[in-house]
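A short worksheet on the structure shown next.
Below, all heavy atoms of this structure are taken into account, side chains as well, without hydrogens, waters or symmetry copies. Chain A is the first sequence line, chain B the second, and so forth, proteins listed ahead of strands; every chain is numbered from 1.
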Amino acid sequence: MPPVVAGMDGVFSEPWPTTEAVAHAVQERLRRLVVTRDDFGPLRRIAAVDAHFSEDRGLTWAAVAELDADSLELTSSALLCQPTRFPYIPGLLSFREAPAMVEAIGLLPEPPDLLVIDGQGTAHPRRFGLACHVGVLTGLPAIGVAKSRLVGRYEDLGETRGSCALLWHRREVIGAALRTRDGTNPLFVSPGHRVSLETCIQLVLRFAPRWRLPEPIRLADALSRMHG
DNA sequence: GCGACAG
DNA sequence: ATCTTGTCGC
């Protein structure tokens with residue numbers, strides 16, 4: 001079987017599940033491949049992926065924005081459209097969004113050094129959110145950045161940028177609530193693949209110097225909503 | 001049994 | 001995610 005993305009050292013392709021039961025089984029199997037230690041080289045190009053849907057036409061659009069890790073300026077982008085193949089079910093988001101995302105990433109001229117994913121990483125009931133799934137399939141380092149919480153509890157955190165609180169679930173630290181702007185709602189940050197939680201927090205602050213959302217996500221979002 | 005529930 | 005205008009506030 002061919003790799004999911006040419007030139008990327010990830011997990012080999014398999015058919016995408018159609019049923020909830022099989023999707024759960026896939027998560028339970030692939031979760032063991034997630035690496036939550038820092039395991040990446042110099043960050044030169046970072047990429048974010050975002051998906052949008054046209055319900056009426058049954059289409060999923062995925063947009064990738066690749067940025068220079070230092071200047072945070074757009075260096076490359078790609079768009080891809082395919083039929084929607086899975087409904088939105090909390091905890092199974094990746095089976096709806098990841099197929100198009102992985103293909104879109106493969107359209108970039110070069111694989112990025114890091115992926116910033118709009119969704120949870122390990123902050124997931126089975127520790128295998130969208131960012132873990134895309135990270136494991138592509139083999140690329142990935143961090144999960146969600147605008148709201150899926151599971152877990154956290155203590156109140158300070159109102160200023162940089163304040164954060166650990167996210168706990170079943171007596172485990174699964175991520176962190178992180179304030180990237182004074183007085184705004186926190187983001188929910190968690191490891192996707194090959195990045196530690198501490199580094200995720202550090203990187204999200206670095207990539208969101210001004211706005212609540214990291215710059216890569218803002219750009220990917222702007223690209224994808226030009227088509228849904 | 002009753003809520004909660006990434007995008 | 002999507003349906004959707006103006007408007008309040010820094």
Verify the contact: side-chain N or O of [X] to OP1 or OP2 of [N], cut-off strictly under 4.0 Å; return yes or no.
X: His52(A); N: dT2(C); answer: yes
X: Lys147(A); N: dG7(B); answer: yes
X: Ser94(A); N: dA6(B); answer: no
X: Arg96(A); N: dA1(C); answer: no

Does the plane of the ring in Phe128(A) sit parallel, tilted or perpendicular to the ring in His133(A)? Use 30° and 60° as the thresholds. tilted

Rounded off to whole Å, could you give me the [atom1]-to-[atom2] distance for the [X] and [N] pair?
X: Phe188(A); N: dA6(B); atom1: CZ; atom2: P; result: 11 Å
X: Phe95(A); N: dG7(B); atom1: CZ; atom2: P; result: 18 Å
X: Asp56(A); N: dA1(C); atom1: CG; atom2: C1'; result: 13 Å
X: Asp221(A); N: dA6(B); atom1: CG; atom2: C1'; result: 14 Å
X: Arg161(A); N: dC10(C); atom1: CZ; atom2: P; result: 20 Å
X: Arg153(A); N: dA4(B); atom1: CZ; atom2: C1'; result: 13 Å
X: Trp211(A); N: dC10(C); atom1: CH2; atom2: P; result: 14 Å
X: Asp50(A); N: dT2(C); atom1: CG; atom2: P; result: 9 Å

Across the strands shown, which category fits [X] at heavy-atom distances under 4.0 angstrom: base, sugar-phosphate, nothing?
X: Gln120(A); result: base
X: Ile117(A); result: nothing
X: Gly183(A); result: nothing

Distance-minimising heavy-atom pair for His124(A) and Ile174(A):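 His124(A) and Ile174(A) have their closest heavy atoms at N-CD1, 4.4 Å.
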
Which heavy-atom pair separates Thr75(A) from Leu67(A) by the least distance, and what is that distance? OG1-N, 3.8 Å

For the side chain of Arg149(A), starting at C-beta, report the closest nucleotide among dA6(B), dC5(B), dA1(C).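 Comparing dA6(B), dC5(B), dA1(C) against the side chain of Arg149(A), the answer is dC5(B).
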
Kindly point out which of dG7(B), dA6(B), dA4(B) is positioned nearest to the side chain of Leu150(A)? dA6(B)

Consider side-chain contact (heavy atoms from CB on, under 4.5 Å). Of Val204(A), Asp118(A), Leu219(A), which one does Pro214(A) pass it with?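 In the set Val204(A), Asp118(A), Leu219(A), the residue that makes a side-chain contact (heavy atoms from CB on, under 4.5 Å) with Pro214(A) is Val204(A).
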
Evaluate side-chain hydrogen bond (donor to acceptor under 3.5 Å, both in side chains) for Thr199(A) paired with Asp38(A), printing each intermediate quantity in order. CA-CA 7 Å; Thr199(A) 302; Asp38(A) 287 326; 2.6 Å; yes

Report yes or no: is the ring centroid of Tyr88(A) under 5.5 Å from the six-membered base ring centroid of dG7(B), with the two planes under 30 degrees?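 Aromatic stack with dG7(B) present for Tyr88(A).
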
